[in-house]
Amino acid sequence: MTINLADYGLTPNFKQAASAFNNQQLARITAQHRNLYQIMTTNGEQAATLSGKFMYENTESTRFPAVGDWVMVTMTTDNAVINQVLPRQSVLARETVGNRSDGQLIAANIDTIFICMSLNADFNVRRIERYLTMAWDSNAMPVIVLTKADLCEDLPAKLAALAAVSLGVTIITCSAKTGAGYDDVVQYVTTGKTVAFVGSSGVGKSTLINRLMGSDVLATKTIRADDDKGRHATTSRQLLLLPQGGLVIDTPGMRELQLYTGDVDRTFADIAELATQCKFSDCTHQGEPGCAVQAALQAGKLAADRLESYRKLQRELAYDGLNAREREHEKINRMFGSKNGMKQVVRQAKAKNRRR
């Protein structure tokens, strides 16, 4: 049976990028187990490994394939060999735990990121700011999913707290027990579109995915009642084709999310707007005269803990201290490998259009 890769998210842009590679086959990464991969081709799913040339030429972990990536492969008698990762339309990355200089890809080529958080003692506004900072930088659209609504006794207060830090982001409240909110999640999952679920362990990601799948394909764990800490259910990333169309990527729970890159100004749009009103363009908001941020803080229009969160995330980011041009350069490196790689993709697109 021939697989229609459009069902797996293949777009004209990826088809065009793949046309530059002769005698190779297009595939999408559906799972990763250390240095072994599962890929989906027109002939079905099979195992794949990285070519020696690829491993030699790419030393940074963010250049290696991630679940959701489109890759070019050469078929062998035993498996497939991955030779090239096509430029990503979006990429979700975190910092490698214990390593301040390297990043870890979570997933690639995602359309929507569901940021899941439970409405119990695990509820944490500062954590949502952290996830949003990562999500806005990914080029995918973030949606906040609040789970376990049936266990929440102060929902209006928690929604009000989130509204102040989630400008422009849809918030869905759901309950696995009652089924509330499920239809709101489903509207984002359509044929050819890829969604990813991220969040702490035990918040209900696997439960939601099982409901989308129509069966218990993923193990589920609950949050421990004694300390409200999650227990891991998912141990590896995988891309699943949903029966009704669309694709979902489940990710292991992250008790601590360390940022590799992020869009702080998008997450803290209120502070970024205030900063444009400061007297000095290089204002650090630490006490300079004419500082609009400090004025808003003193007037009670800006919460002190939000400003501190803003500063903390700025310090943490891998490109802390870089200007806008340097930040854009870092993003190009993650999406295309290099600026030359981006230019090559543009040239290929123009050449393809001329031949039509």
Under 4.0 Å between a Lys/Arg side-chain N and an Asp/Glu carboxylate O for [X] and [Y]?
X      : Y      : value
Asp137 : Arg266 : no
Asp69  : Arg28  : no
Arg63  : Glu57  : no

For [X], enumerate each residue passing the side chain to side chain donor-acceptor pair (under 3.5 Å) test, keeping only those at least two apart in sequence or located in another chain.
X      : result
Thr147 : none
Asn23  : none
Ser281 : none

Original post:
Considering residues, nucleotides and ligands other than Glu153, do more than 12 of their heavy atoms fall under 6.0 Å from its CD?
Top reply: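 No.
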Original post:
Take atom CG in Asn35; do more than 12 heavy atoms of anything else shown fall under 6.0 Å from it?
Top reply: no
Original post:
What residue pairs, at least two apart or across chains, pass salt bridge (Lys or Arg N to Asp or Glu O under 4.0 Å) with a residue in residues 163-187?
Top reply: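 For residues 163-187: none.
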Original post:
Parallel, tilted or perpendicular: which describes the rings of Tyr310 and His285, with under 30° parallel and over 60° perpendicular?
Top reply: tilted
Indicate whether the side chain of [X] and that of [Y] have a donor and an acceptor atom separated by less than 3.5 Å.
X      : Y      : value
Gln24  : Asn83  : yes
Thr284 : Glu288 : yes
Gln38  : Thr30  : no
Thr11  : Asn13  : no
Ser175 : Asp150 : yes

Is there a donor-acceptor contact under 3.5 Å from the side chain of [X] to the main chain of [Y]?
X      : Y      : answer
Ser138 : Ser90  : no
Thr267 : Thr133 : yes
Asn109 : Gly68  : yes
Thr251 : Phe197 : yes
Ser51  : Phe54  : yes
Asp154 : Ala157 : no
Arg211 : Ser206 : no

Do you reckon [X] sits in the same ILVMFWY cluster as [Y], going by side-chain contacts under 4.5 Å, direct or chained?
X      : Y      : value
Val81  : Val85  : no
Leu159 : Leu151 : no
Leu167 : Ile113 : no

Original post:
Does the side chain to side chain donor-acceptor pair (under 3.5 Å) test come out yes or no for Gln104 and Ser61, once each step is laid out?
Top reply: CA-CA 7 Å; Gln104 176 187 21; Ser61 61; over 6 Å; no
Original post:
Taking side chain as C-beta onward, heavy atoms only, is Ile249 less than 4.5 Å from Ile106?
Top reply: no
Original post:
Looking at residues at least two apart in the chain, or sitting in another chain, which of them share a side-chain contact (heavy atoms from CB on, under 4.5 Å) with Ala80?
Top reply: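 Counting only residues at least two positions away or on another chain, Ala80 forms a side-chain contact (heavy atoms from CB on, under 4.5 Å) with Ile39, Gln46, Ala48, Val73, Met75.
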**OP:** Can you sort out the partners of Leu36 under side-chain contact (heavy atoms from CB on, under 4.5 Å), two or more places apart, ordered by chain and number?
**Re:** Thr49
Working to the nearest 0.5 angstrom, can you tell me the gap between [X] [atom1] and [Y] [atom2]?
X      : Y      : atom1 : atom2 : result
Ile172 : Ile115 : CD1   : CD1   : 11.5 Å
Gln32  : Arg237 : CD    : CZ    : 7.0 Å
Leu5   : Thr41  : CG    : OG1   : 7.0 Å
Ile128 : Leu162 : CD1   : CG    : 6.0 Å

Original post:
When you look at Arg127 and Met117, which way does the side chain to side chain contact (heavy atoms under 4.5 Å, CB included) test go after all the steps?
Top reply: CA-CA 9 Å; Arg127 187 183 301 130; Met117 186 168 67; 4.2 Å; yes
Subject >> Candidates Leu242, Asp111, Thr112 - the one meeting side chain to side chain contact (heavy atoms under 4.5 Å, CB included) with Val189 >> reply: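 Answer to the side chain to side chain contact (heavy atoms under 4.5 Å, CB included) test with Val189 among Leu242, Asp111, Thr112: Leu242.
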